[in-house]
Number of protein chains: 2
Amino acid sequence: MSKQVVPHGLGVTPVRSAYQQIADQLRSLIVSGELSPGDRLPSEPELGQAFGVGRSTVREALRSLSSQHLVYTSRGVNGGTFVADVDPRTITAYLETSLGLLSASGLTVDELLTVREMLEVPAARLAATERTDDELAALRTAVEQENAESGTQHEHPQGFHILLLTCAHNGLLEVVTQPIFSVLKNRFLRGNAPSEFWDQVCLDHQGMVEAIDRRDADTAGELMQHHLHRLREAYLEMDRR
Amino acid sequence: MSKQVVPHGLGVTPVRSAYQQIADQLRSLIVSGELSPGDRLPSEPELGQAFGVGRSTVREALRSLSSQHLVYTSRGVNGGTFVADVDPRTITAYLETSLGLLSASGLTVDELLTVREMLEVPAARLAATERTDDELAALRTAVEQENAESGTQHEHPQGFHILLLTCAHNGLLEVVTQPIFSVLKNRFLRGNAPSEFWDQVCLDHQGMVEAIDRRDADTAGELMQHHLHRLREAYLEMDRR
DNA sequence: GGAAGTTAAACGTCTGACGTATTGCCGTCA
DNA sequence: TGACGGCAATACGTCAGACGTTTAACTTCC
C-alpha cells in the first residue's frame with residue numbers, strides 16, 4: 001500500500017516530543033493566567049530539572065514560546081525568561097505574514113476585499129462619530145500629504161486608512177483590518193496604477209475627511225463604500241493582467 | 001500615556017542573537033516565496049555549516065519557525081525540515097489564544113461585540129444568498145440539536161454560528177470571525193445564563209435558518225443584528241456581575 | 001513475488017563546557 | 001561622604017560530541 005504523506009503536521013503524532021510537551025504545558029500556564037505578564041520563569045537549568053530533561057530541550061521549548069511572543073528572555077544577572085504581555089502589534093504582524101502566505105495560495109482578492117468592506121465601512125462611520133479633534137487634524141495632514149505627492153510614488157496610501165481605523169477607537173478593529181489592508185496593498189500595488197487612479201483615491205479620501213469633520217456617519221460610510229468599490233474594480237483589473 | 005520602559009522585546013537589541021538571525025533569514029526566504037511549501041531545507045548539520053553555527057543554534061531557529069507554522073519536521077530517513085503550507089485553522093488557533101490574552105487585559109467586551117457585528121451581520125446576508133442545500137440542511141440539524149438540548153448545558157452554541165460562517169464561502173471571514181466568537185464564548189459563557197436566554201437564542205437561530213432557506217438576505221441580516229444586540233445586553237449584564 | 005530483517009539518514013535529547021551580557025557589590029580615591 | 005571603576009556572580013547564548021529513536025529504503029530469504 002502506498003503511504004500517503006501527511007501534508008503538514010496535522011496528522012496526530014503518536015508521541016509529542018519533549019520540547020513540544022514542555023512548550024504546551026508552559027503555554028497553558030500562561031494562557032490560563034496562572035502565570036501573569038512579568039512573572040519570571042525558573043532558570044533554564046531549573047526548568048530542565050523540574051521537567052526531567054536537558055537544558056537544550058528546555059531551550060527549544062522556550063524558543064517556541066518566545067516566537068509566539070508569549071515569553072521573552074533577557075541576559076545577565078537578574079535576567080531570565082519572563083511572561084510577556086500581549087502587544088496588539090504582535091498579532092497584527094503575525095496576521096500580516098500569515099494572510100500574505102494564504103493569499104499566495106488559496107485566498108482570493110474577492111474574499112479579501114469583501115471582508116475589508118465589512119470592516120472599513122462601519123469603521124468610517126465610527127470614525128465620524130468617535131474621532132477626536134487631534135485625530136481629525138492627523139487625517140487632514142495625511143490627505144494633504146497624499147495630494148502633495150500626487151503623480152509620484154504614493155508611498156503612503158496606508159496612512160489614511162490606518163489613521164481612520166484608529167479614529168474608530170476599537171483596538172480589535174485595528175488588529176484585524178490592518179493586515180487585510182496590508183496584504184492587498186503588498187499584493188497589488190506594484191506601482192503600476194495610472195495617475196487618474198490616484199487622483200480619484202485622493203478625492204475619495206478628501207471627501208471622507210470632510211464627512212468625518214461634520215461627524216456625518218452616513219456620508220462617511222457611503223463614501224468608503226464607493227471608494228472600496230472603485231478599488232475592487234482596479235484590483236480585479238490588475239489581477240487579470 | 002504612561003508606558004513602561006520596555007513592554008517586551010521592542011527595545012532595539014544591539015545584536016540579534018544567532019538563532020534569531022537565522023530564523024529571520026529563513027523566514028524571509030519562505031514568505032518571499034523563494035522557498036515553496038513542500039520544499040525541504042538542508043539537514044540540521046548542513047544548515048549549521050552553511051550559517052557557520054552549531055547545530056543547537058540551528059535547532060532553536062527551526063523551533064522558532066515551526067512554532068509559527070512556517071516549517072514542520074519529520075524524522076527518519078528522508079525526514080527533515082520542510083516548508084509548511086499555511087492552514088487557515090492554524091491562523092484561527094493563533095488568533096484565538098492571542099485575542100484571549102488580549103481580552104484578559106485591555107480588550108473590552110464592547111470592542112469584541114462591535115467587530116463581531118460588523119462581520120456576522122454581512123455574513124448572515126451572504127449565507128442567505130450563497131448557501132448550498134447541503135449547508136442549509138446542516139444548519140437545520142444544528143438548530144434542531146440546540147432545541148433538543150434546551151434546558152441542559154448547551155454545549156454547542158457555536159455550531160450554528162460557525163456553520164453560518166462557512167455558508168458565506170469566504171475563508172478569510174471564517175478565519176477572523178471564529179476566534180472573536182470563541183473568545184466571547186469562553187469569557188462569558190460560564191453556564192450561568194438563564195433558561196429563557198437560551199430559548200430566545202434558539203428562536204433567533206431558527207428564524208435565521210428560515211430566512212436563509214428563502215434566500216432572504218435582508219431578513220437574515222436583520223435577525224442577526226437583533227440577535228447580536230440581545231447577546232450584547234446579556235454579555236454586558238454578565239460582565240457587570 | 002512478498003514478507004521479514006537490516007541499514008542508514010535525519011531528527012530528538014543529553015551532557016558538559018565555555019563565551020557573553022548584565023547587575024550588584026565593594027573598595028578606592030577625590 | 002559620594003562617585004567612579006573593577007570584580008564577581010548569575011543566567012542566557014553557543015558549541016561540540018555522543019547516543020537514542022524514528023522511518024523509509026534496501027536486502028534477503030522463503
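Below, chains carry the letters A, B, ... as their sequence lines are ordered, and counting in each starts from 1. Every value quoted in this text rests on a predicted model; they were computed, and no experiment measured them.
- Shown here are the salt bridge (Lys or Arg N to Asp or Glu O under 4.0 Å) partners of B:Arg140, two or more places apart in sequence or in another chain: B:Asp213.
- Looking at residues two or more places apart in sequence or on another chain, you find a ring pair (Phe, Tyr, Trp, His ring centres under 6.0 Å) between A:Tyr94 and B:Tyr94.
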Donor-acceptor pairs under 3.5 angstrom involving side-chain atoms of residues 45-54 of chain B: please list them, not counting sequence neighbours.
residue, atom, partner, partner atom, Å
B:Glu46, OE1, B:Ser43, N, 3.0
B:Glu46, OE1, B:Ser43, OG, 3.3

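- The ring pair (Phe, Tyr, Trp, His ring centres under 6.0 Å) check on B:Phe82 picks up B:Tyr72, with sequence neighbours excluded.
- Of the side-chain N and O atoms in A:Tyr19, one or more sit less than 4.0 angstrom from OP1 or OP2 of C:dG12.
- Atom-to-atom, CZ of A:Arg16 to C1' of C:dT13 comes out at 17 Å; the value is rounded to the nearest Å.
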Restricting both atoms to N or O, compile the protein contacts to nucleotides 5-10 of chain C shorter than 3.5 Å, with distance only.
residue, atom, partner, partner atom, Å
C:dA9, N3, B:Val77, N, 3.3
C:dA10, OP1, B:Arg40, NH2, 3.1

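- Residues satisfying the salt bridge (Lys or Arg N to Asp or Glu O under 4.0 Å) criterion with A:Asp134, sequence neighbours excluded, are absent altogether.
- Using cut-offs of 30° and 60° for the angle between ring planes, the A:His205 and A:His161 rings count as perpendicular.
- In this structure, the salt bridge (Lys or Arg N to Asp or Glu O under 4.0 Å) partners of B:Arg232, at least two apart in sequence or on a different chain, are B:Asp110, B:Glu117.
- When the P atom of C:dG12 is taken as reference, atom OH of B:Tyr72 falls 13 Å away, rounded to whole Å.
- Note: CD (A:Gln21) to P (C:dT13) measures 9 Å, nearest angstrom.
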Could you run down the sub-3.5 Å N/O contacts of the protein with nucleotides 16-19 of chain D?
residue, atom, partner, partner atom, Å
D:dA18, N6, B:Arg55, NH1, 3.4

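- Side chain of A:Asn186 to main chain of A:Ser182: a donor-acceptor pair is present (N/O by atom type, distance under 3.5 Å, no hydrogens or angles).
- A straight line from CZ of A:Arg59 to C1' of D:dC15 spans 12 Å, rounded to a whole angstrom.
- Within the structure, side-chain hydrogen bond (donor to acceptor under 3.5 Å, both in side chains) pairs that include any residue of residues 55-65 of chain A comprise A:Glu44-A:Arg55, A:Glu44-A:Arg59, A:Arg59-B:Glu60, A:Glu60-B:Arg59, A:Glu60-B:Arg63, A:Arg63-B:Tyr19, A:Arg63-B:Glu60 (at least two apart or interchain).
- A:Phe51 has its CZ atom 12 Å from the P atom of C:dC14, to the nearest Å.
- Of the residues in residues 60-67 of chain B, not one places a heavy atom less than 4.0 Å from an atom of DNA chain D.
- Residue pairs that meet the salt bridge (charged side-chain N to carboxylate O under 4.0 Å, His left out) test with at least one member in residues 18-27 of chain A, sequence neighbours left out, are A:Arg16-A:Asp24, A:Asp24-A:Arg27.
- Applying the side-chain hydrogen bond (donor to acceptor under 3.5 Å, both in side chains) rule to A:Thr108 yields the partners A:Glu111; only residues at least two apart in sequence or on another chain are considered.
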